[in-house]
Amino acid sequence: MQLLLEKIRQQGIVLPNNVLKVDSFINHQMDPQLMKEIGKEFARRFQNEGVTKILTIESSGIAPAIMTALVMNVPVIFAKKRKPLTLTEHAYTSSVYSYTKQETNIISVSKDYLKSNDTVLIIDDFLANGEAALGLINIVNEAQAKVAGIGIVIEKSFQEGAKKITNKGYRLESLARIASLENGTVTFYHEHSL
Ligand code: G4P
Ligand code: NA
Ligand code: NA
């Protein structure tokens, strides 16, 4: 997605430890026009999958997820990172280990909003080691619903997440695929491989 790649080139900041800071348009300040285009692009790519619901995880997945849901005209659910006590008996849960933060979060979705007849498109801002995406996949599977695919705004293709997801047979669509952040520089995969 050309507009996104330009934005990353212009405003992305490469931090040590292979982290791409995109606080000016995704993770702190948000660019609604870009998010709108992101939503349209995910909707276009998954238009024939029979999607009934979009699932993301708080907090930074919510913006691209709701824009996609708006275009696809389906509800969006965000998994919660802290399990409220009142949800314990009535929620699907999965544990998600963050390598970046070195902590495990229990993520949860109420059973009220995910049903076995749902076809679920999973959306997130970043795909790194894939723990969050796999946790969301687990939750959809627990609900005996169908995974339509996984839509990612920025995939760090040099980390394990993309491989883990596609090896399990899921359809993965990433709008920007980063081959490397070596030497403080963003290197994308060639457009044609997107
Ligand atoms: P994983 O889910 O793919 O295994 O990712 P990991 O544990 O490594 O990432 C932990 C958090 O850091 C996630 O956000 C993830 O989106 C984010 N992240 C990973 N790599 C990058 C990066 O290069 N740049 C940026 N900006 N973020 C990255 P989170 O903790 O769920 O936070 P939130 O922002 O959604 O609240
Ligand atoms: Na995220
Ligand atoms: Na994040």
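Not measured: the values here are computed from a predicted model. Heavy-atom basis, side chains included; hydrogens, waters and symmetry copies ignored. When a ligand or atom number is given, it counts from 1 through the structure's own listing order.
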Practice prompt. Please confirm whether A133 comes within less than 3.5 Å of ligand 1 when only nitrogen or oxygen atoms on both sides are compared.
Written response: no
Worksheet item: What do we get for V19 next to ligand 1 when only non-hydrogen atoms under 4.0 Å count, side chain, backbone, both or neither?
Response: both
Item to complete: State plainly whether the residues K164 and E131 are in salt-bridge range, i.e. N to O under 4.0 Å.
Response: yes
Discussion item. Within ligand 1, which atoms have a heavy atom of A132 less than 4.0 Å away?
Written reply: 2 (O)
Fill in: Nitrogen or oxygen atoms of G130 and ligand 1 under 3.5 Å apart
yes
Item to complete: Please identify which atoms of ligand 1 are closer than 4.0 Å to at least one heavy atom of Y99.
Response: 7 (O)
Worksheet item: Is any side-chain heavy atom of F25 less than 4.5 Å from a side-chain heavy atom of L4?
Response: yes
Worksheet item: Which of these, E58, K156, E131, has its nearest heavy atom closest to atom 21 (C) of ligand 1?
Response: K156
Worksheet item: Nearest heavy-atom pair of E41 and L175: which atoms, and what distance?
Response: CG-CD2, 3.6 Å
Discussion item. From the N, O or S atoms in D124, identify the one nearest to the Na ion (ligand 2).
Written reply: OD1
Practice prompt. Provide the number and element of each atom of ligand 1 under 4.0 Å from a heavy atom of D125.
Written response: 16 (O)
Worksheet, complete the sentence: So the atoms of ligand 1 within less than 4.0 Å of a heavy atom of S98 turn out to be 7 (O), 10 (C)
Practice prompt. Please determine if R171 forms a cation-pi arrangement with F46, meaning its NZ or CZ atom is less than 6.0 Å from the six-membered ring centre and no more than 45° off the ring axis.
Written response: yes
Worksheet item: With respect to the Na ion (ligand 2), what is the nearest N, O or S atom of D125?
Response: OD1
Discussion item. Are there over 12 heavy-atom neighbours, none belonging to Q144, within less than 6.0 Å of that residue's CD?
Written reply: no
Worksheet entry | For T100, atoms of ligand 1 separated by under 4.0 Å from a heavy atom | 6 (P), 8 (O), 9 (O), 10 (C)
Discussion item. In the structure I gave you, are the side-chain heavy atoms of I137 and L134 within less than 4.5 Å of one another anywhere?
Written reply: yes
Worksheet item: Would you say I26 and I154 make side-chain contact, with heavy atoms under 4.5 Å?
Response: yes
Discussion item. So for atom CD1, which belongs to I62, do other residues, nucleotides or ligands contribute more than 12 heavy atoms lying within a distance under 6.0 Å?
Written reply: yes
Discussion item. At under 4.0 Å between heavy atoms, is it the side chain or the backbone of K81 that contacts ligand 1, or both, or neither?
Written reply: side chain
Worksheet item: Does the distance from a Lys or Arg side-chain N to an Asp or Glu carboxylate O, for R177 and E155, drop under 4.0 Å?
Response: yes
Worksheet item: Which bit of I26 is near ligand 1, meaning a heavy atom under 4.0 Å away: side chain, backbone, both or neither?
Response: neither
